[in-house]
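Only one structure is covered here, and it is reproduced in the block below.
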Amino acid sequence: MAIMIPQKPHHFEKYSLEDIMFDSLKLLSDNYYIFHSFKINKIYQGVLYESETDFIIFNPQKGLLCIEAKAGKVSYHNGDWYYASGIKMEHGGPFDQASSNKWKLKKYIDESNYRGVLQKLKMLHAVWFPSINEEDLRKITLPSNADMRLVLTKAAIENPEIYICNIFKTELPNHIETNLSEVEAKKFIENILCPAFNIFPSASLDIDIKKIAFHRLLREQAGILNFLEDQRIAVINGVAGTGKTMIAIEKAKRHAMKGQKVLFLCFNNQLKIFLSKQYKHENIDYFTIDGLACKLCDTSVANYKKLKNELEDMYLSNRFEYQHIIIDEGQDFGNESIEEADMIQLLEDIINDNVNQNTTFYIFYDKLQLIQSGKIPKYISEADCKLTLYKNCRNTENIATTSMKPLAINCPKLFDGCVKGLPTKMHFWHDEIALVDAIDKSILIFNNDGIKDIVVLTCKTEEKSVIFPYCRNGFYNKKIKFSTCRKFKGLEADAIILIDVDSETFSEKNVLLYYVGASRARFRLDIFTNLSDAECRKIYASLKPESTSPKKPQKDLATALNSIYEAH
């Protein structure tokens, strides 16, 4: 059987019978390569020229044949070829078109790095009339540019090899005979007839495409700033992955580009370090609230009362240099000391009372990431107007679903336009050696799939993590970043390995840590746990209270969390 490229015919008109001819050419022996709908596009002096050959037949021992197919009724008179509809054929009719396509292919080869093959390759052209019997053809007087010996008819459908071989026996004026070695034939196919053979997508292609999709979603989400152009004060809520931090950065950049000073506050020091490096700008100052307190009060430990006094003094003496204040991770500004100092309200008052009305105060928060303080700040909970972001711009749909399952939250709007992605994996391990081996295997799989941005997160502290003995200076096995869910909040990675998931993880006190950790993953999430069957049943019952007790507790719990079960 011949090698068909593609394996199924490209799009064709039904009346063309190209599918019938395609299936017929399959009957050729396995040293034939058949290319359907071979196209050459060439731009010359700014003009695009296109050609399409219905079939190219290549045999390393016989040569190359360009075939133009014409099914149904055709006619020729007054020097022109016509379809059954009476419409005149373009390109001078099938024989001229077949010949022209052959010469275009020759030129294409001559302009390539494989022009030398032309001295060893017989190239011919032919026309196939699949609707005409051979007897009927003999009754026709063909025009001078056509030759009966370069025509295939209905008879060739049943046994094409005999007729194809007869055409290949045709001598050429330059007496070229095909004489290609196996290596030369292979290179000719790979570099001329089917160059896609040499185009292998990189391992990271799938991830790159998903990133493009997420960037598009993020741009759409950032459009909310246009809607809020005249809003000086805004409180914006959104679950993990809705692009709060990136929108906050976009807001800061817009002002900074105009020469206006921006104070960007967050709670997490790792997030502050990342933002100050990644989005450095002379008009944007990044601080944690503690860092700001130490900086302005010249202390080594944050004192919010002193910070309040200093800010009030700066405001009254007109020393407060910022026109815009942006707070990210606003939910974490609700601890008792910050609340006592009424810090958020003070910062808003400083902006709101500024005689220069070109000032803004924006605060972004996620009530589900409330892991640094006991309650949402009073300022946020009492805000008159809150805007909610719904579109997920970070996680795949599968990861977002897995991260929110224990919270019993259903947000279909989050997945509007979202990339589906691969399902998460939930690994159950029973001894430390098996755990480490499984983690290493996950890292290897990620790397093979083109993912290098990998972070291992523990639901506990670093010291209490089961893999702490294998970590040093914040890295697992010297190369993979290792941190806690709490410290990594606000950041993200292409792949997250979430470890130390146990019965305490799903308690009301700790489940938000699980949510924070899992939702840091953009494209891949692997969860590692040593939950017993009894613990799995208990957690399963909390997730699905109306369901019966699972027969396979570990596997059923993984399914309930939208994950694939893996045992080690």
Side-chain angles (χ1 to χ4, degrees), residues 239-241 366-371 374 392 395-412 414-415 421-432 434-436 438-439 442 455-462 464-468 483-486 488-489 495-521 524-568:
V239 299
D366 178 6
K367 61 184 179 181
L368 299 180
Q369 295 191 55
L370 189 62
I371 61 175
N392 193 312
N395 317 117
T396 63
E397 181 177 335
N398 274 315
I399 290 173
T401 301
T402 298
S403 66
M404 291 191 292
K405 276 289 185 180
L407 306 179
I409 291 177
N410 183 25
C411 297
L414 277 175
F415 310 131
L422 293 174
T424 62
K425 291 183 180 179
M426 194 165 185
H427 303 261
F428 288 81
W429 57 276
H430 298 287
D431 64 76
E432 188 177 305
L435 168 65
V436 172
I439 291 175
S442 286
V455 176
V456 178
L457 294 180
T458 173
C459 292
K460 301 184 181 297
T461 64
E462 289 100 329
K464 290 184 179 180
S465 173
V466 68
I467 67 165
F468 183 67
S483 187
T484 68
C485 296
R486 193 181 300 273
F488 204 67
K489 185 175 63 63
I496 292 291
I497 295 174
L498 191 63
I499 61 172
D500 300 310
V501 175
D502 56 23
S503 57
E504 294 181 2
T505 303
F506 297 96
S507 67
E508 185 178 353
K509 178 182 177 181
N510 295 315
V511 70
L512 292 183
L513 277 175
Y514 163 87
Y515 164 73
V516 167
S519 63
R520 299 307 95 197
R524 302 287 273 277
L525 172 64
D526 277 22
I527 301 170
F528 288 82
T529 178
N530 63 343
L531 289 166
S532 65
D533 283 352
E535 290 170 331
C536 287
R537 288 191 181 94
K538 184 177 179 180
I539 298 168
Y540 184 89
S542 67
L543 295 174
K544 294 180 171 292
E546 297 179 0
S547 301
T548 58
S549 181
K551 295 181 179 179
K552 298 179 179 179
Q554 293 183 346
K555 186 174 182 179
D556 290 345
L557 176 60
T559 301
L561 289 171
N562 190 50
S563 300
I564 295 174
Y565 168 73
E566 297 273 352
H568 302 282

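Worth saying up front: this structure is predicted, and the values here are computed from it rather than measured. The figures that follow rest on heavy atoms only: side chains count, while hydrogens, waters and symmetry mates do not.
- Residues A558 and M426 come closest through the heavy atom pair CA-SD, 3.8 Å.
- Here K405 contributes atom NZ and Y515 contributes atom OH; the two are 15.0 Å apart, rounded to the nearest 0.5 Å.
- For the pair P553/Y540, no side-chain contact is recorded, criterion being any heavy-atom separation below 4.5 Å from C-beta on.
- A donor-acceptor pair is defined here as one N or O able to donate and one able to accept, closer than 3.5 Å; such a pair exists between the side chain of S507 and the backbone of E504.
- Distance NZ/K538 to OG/S532: 10.5 Å, rounded to 0.5 Å.
- Between the CD atom in E462 and the CD1 atom in I467 there is a gap of 10.0 Å [rounded to 0.5 Å].
- No side-chain heavy atom of D500 sits under 4.5 Å from any side-chain heavy atom of K464.
- Inter-residue side-chain proximity for H568 and L435 is flagged as unmet; no heavy-atom pair is nearer than 4.5 Å.
- Using a 4.5 Å heavy-atom threshold, the side chains of F488 and I496 count as touching.
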T396/L422 under side-chain contact (heavy atoms from CB on, under 4.5 Å): CA gap, chis, key distance, verdict = CA-CA 8 Å; T396 63; L422 293 174; over 6 Å; no
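- A donor-acceptor pair under 3.5 Å is absent between the side-chain atoms of D533 and the main chain of C536, judged by distance alone.
- For the atom pair OG1 of T505 and CG of L512, the computed distance is 12.0 Å after rounding to the nearest 0.5 Å.
- Inter-residue side-chain proximity for F468 and T458 is flagged as unmet; no heavy-atom pair is nearer than 4.5 Å.
- When every heavy atom of D526 is checked against every heavy atom of S442, the shortest pair comes out as OD2-OG, 2.7 Å.
- When all heavy atoms are compared, the tightest approach of C459 to L513 is O-CD1, 3.8 Å.
- Side chain to side chain, D556 and T559 fail the donor-acceptor criterion of an N or O pair below 3.5 Å.
- In this structure, the side chains of I527 and T402 come closer than 4.5 Å at one or more pairs of heavy atoms.
- Using a 30° and 60° split on the angle between ring planes, F528 and H427 fall in the parallel class, below 30°.
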Show your reasoning for whether side-chain contact (heavy atoms from CB on, under 4.5 Å) applies to E397 and N392.
-> CA-CA 8 Å; E397 181 177 335; N392 193 312; over 6 Å; no
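- With hydrogens and angles disregarded, a donor-acceptor distance shorter than 3.5 Å links the side chain of T529 to the backbone of V501.
- Considering only heavy atoms from C-beta on, L457 comes within 4.5 Å of R520 through its side chain.
- Looking at heavy atoms from C-beta onward, S503 lies in side-chain contact with L531 at the 4.5 angstrom threshold.
- A240 approaches D366 most closely through the heavy-atom pair N-OD2, 3.2 Å.
- Under the 3.5 Å distance criterion, the side-chain polar atoms of N395 are matched with a main-chain donor or acceptor of A521.
- Between Q554 and Y565 the shortest heavy-atom distance is OE1-OH, 3.2 Å.
- Minimum interatomic distance between I399 and R524 (heavy atoms only, all atoms of both residues): CD1-N, 3.4 Å.
- Taken to the nearest 0.5 Å, the CD atom of E566 stands 11.0 Å off from the NZ atom of K555.
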Let me see the working for L557 and F506 under side-chain contact (heavy atoms from CB on, under 4.5 Å), right down to the final yes or no.
-> CA-CA 12 Å; L557 176 60; F506 297 96; 5.5 Å; no
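- Under a 3.5 Å cut-off, the side chain of D431 and the backbone N or O of A434 do form a donor-acceptor pair.
- Considering T401, N398, T424 as possible partners of S563, the one that fulfils the side-chain hydrogen bond (donor to acceptor under 3.5 Å, both in side chains) test is T424.
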